[in-house]
Amino acid sequence: MAEFSDELRQVFDVKRLVFRIGEIASMTGVSARQLRYWEQKGLIQSQERPDEKQARVYTFKTFIQVSMIKYFLDEGLTLAAAAKRAGDRQTRAQQIHRFITRGLQGLLQIDGEMALNLGAFDAEQTLLAILPDEGGVHYRLLPNAEVRHLMAATPN
DNA sequence: ATTCTAACA
DNA sequence: TGTTAGCA
């Protein structure tokens with residue numbers, strides 16, 4: 001059912017979680033002055049603003065970035081070095097995310113139970129992890145064609 | 001109340 | 001980077 005995945009998408013849509021400069025400042029211990037300066041130097045980013053006079057908006061991703069820079073700064077690195085290492089980290093995180101995303105090819109429902117599509121097991125079968133509401137997990141192999149049909153009914 | 005830019009410390 | 005001024 002479309003409702004099922006739509007709901008999940010909404011729950012996991014981190015882009016809807018945004019902050020203003022004062023919030024980022026109090027959450028990270030980095031001053032508003034620093035945040036504006038770092039942005040000016042291209043070390044972090046805020047969302048596009050129609051007017052330059054409007055309040056900056058930061059995504060959760062930027063919050064993480066600021067936190068990492070702050071951490072490395074406290075470790076004694078220079079601002080430039082801290083920003084580079086934070087950037088390297090986020091690049092690595094993206095790589096890992098892609099890796100996991102490839103393995104987890106989607107969410108679907110089988111007989112009313114939630115299941116993870118773990119991808120091709122062999123030429124004609126797909127491995128699924130079944131996650132009952134009661135908890136626990138078990139695995140099943142299904143013909144590729146059948147999984148394709150189920151995935152089509154529950155688009156990602 | 002909060003954020004913004006600019007400017008001086 | 002911190003602060004302050006003068007706005008919005």
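Note that these values count all heavy atoms, side chains included, but never hydrogens, waters or copies made by symmetry. Because the structure is a prediction, the values reported are computed rather than measured. Lettering of chains follows the sequences in order, A, B, ..., and the numbering in each one begins at 1.
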**Study point:** Of A/L107, A/T126, A/L142, A/L150, the residue whose pairing with A/N117 passes side chain to side chain contact (heavy atoms under 4.5 Å, CB included)
**Key:** A/T126
Practice item. Report yes if the side chains of A/Y139 and A/V137 come closer than 4.5 Å at any heavy-atom pair, otherwise no. Key: yes
Review point. Going by atom types only, do A/R98 and A/Q95 share a side-chain donor-acceptor pair under 3.5 Å?
Key: no
Check your understanding: Is there a side chain to side chain contact (heavy atoms under 4.5 Å, CB included) between A/W38 and A/V66 once you walk through the steps?
Key -> CA-CA 9 Å; A/W38 294 2; A/V66 172; 4.2 Å; yes
Point to revise | Bracket notation of DNA chain C in which parentheses pair within the strand, [ ] cross earlier pairs, and | pairs with another strand (Watson-Crick or G-U, under 3.5 Å) | key: ||||||.|
Review point. What heavy-atom pair brings A/V18 and A/E23 nearest, and what distance separates the two atoms?
Key: O-OE1, 4.3 Å
Point to revise | Donor on one side chain, acceptor on other, A/Q34 and A/S31, under 3.5 Å | key: yes
Study note, to complete from the structure: In B/S/- notation (B base, S sugar-phosphate only, - none; protein heavy atoms under 4.0 Å), nucleotides 3-9 of chain B written 5' to 3' is SBB-B--
Review point. When you measure from the side chain of A/R49 to the backbone N and O of A/Q54, does any donor-acceptor pair fall under 3.5 Å?
Key: yes
